[in-house]
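What follows is one structure encoded as structure tokens, with my remarks underneath.
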Amino acid sequence: IRKKFWLIPEHGFRPLFQRRSTLEKPTTAPYHEAIDILRLLPQYQTPCTKLNCIVEAFRSIQRTVEKAIGGDVFLGADDLIPILCYVVVQASVPTMHTQSLFLDD
């Protein structure tokens, strides 16, 4: 990820790879909104609503980066994929593989 997309304490976030204390609010994690959206994926029943959930997570990532940088930003695949990987890992959806297979059909 290009360094300008690292959401750091100056942007109001804790560093990406710092352990979270048990007393810390989860909303200080980078891309917390996208993480929360993706955690809802198993609750949706149809492929269309699941895809809408994923699209909304992408939009949340875009909004978070724009807010942190302070303007419009184009996120190419080289920037978006690592951020998305971080969001997916942090969301810890236990059935992510099943969800992706469901969407593939």
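Not measured: the values here are computed from a predicted model.
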Should Glu66 and Arg59 count as an ion pair when the cut-off is N to O under 4.0 Å?
no
What's the spacing between Leu75 CG and Phe58 CZ if we round to 0.5 Å?
10.5 Å
Can you tell me how far apart CD1 (Ile69) and OG1 (Thr64) are? Round to the nearest 0.5 Å.
11.0 Å
Assigning hydrophobic clusters by single linkage (Ile, Leu, Val, Met, Phe, Trp, Tyr; side-chain heavy-atom cutoff under 4.5 Å), is Ile35 placed with Ile37?
no
Partners passing side-chain hydrogen bond (donor to acceptor under 3.5 Å, both in side chains) against Ser100 (at least two apart in sequence or in another chain)
none
If hydrophobic clusters are built by linking Ile, Leu, Val, Met, Phe, Trp and Tyr wherever their side-chain heavy atoms come under 4.5 Å apart, do Ile81 and Leu103 end up in the same one?
no
Determine the minimum heavy-atom distance between Ser60 and Ala34, stating which atoms define it.
OG-N, 3.2 Å
Minimum heavy-atom separation for Ala77 and Pro82, please, with both atom names.
O-CD, 4.1 Å
Specify the closest pair of heavy atoms between Pro42 and Val93, including all atoms of both residues, with the distance to one decimal.
CG-CG1, 3.6 Å
Closer than 3.5 angstrom, by distance alone: can the side chain of Gln45 be matched with the main-chain N or O of Gln43 as a donor-acceptor pair?
yes
Please report the interatomic distance CZ(Arg39) to SG(Cys53), rounded to the nearest 0.5 Å.
12.0 Å
Can you tell me how far the CG atom of Leu40 sits from the OG1 atom of Thr49, to the nearest 0.5 Å?
11.5 Å
What about Leu84 and Val89, same hydrophobic cluster or not, with Ile/Leu/Val/Met/Phe/Trp/Tyr joined at side-chain heavy-atom distances under 4.5 Å?
no
Cluster overlap Tyr31 with Ile54, hydrophobic side-chain contacts below 4.5 Å
yes
Please round to the nearest 0.5 Å and tell me the distance separating atom CE of Met96 and atom CG of Leu38.
4.0 Å
Between atom OG1 of Thr46 and atom CG of Leu51, what is the distance when rounded to the nearest 0.5 Å?
8.5 Å
For Asp79 and Phe74: C-alpha separation, side-chain torsions, deciding distance, then whether side-chain contact (heavy atoms from CB on, under 4.5 Å) applies.
CA-CA 9 Å; Asp79 299 316; Phe74 173 75; over 6 Å; no
Looking at every heavy atom in both Lys50 and Leu41, which two are closest together, and how far apart are they?
NZ-O, 3.2 Å
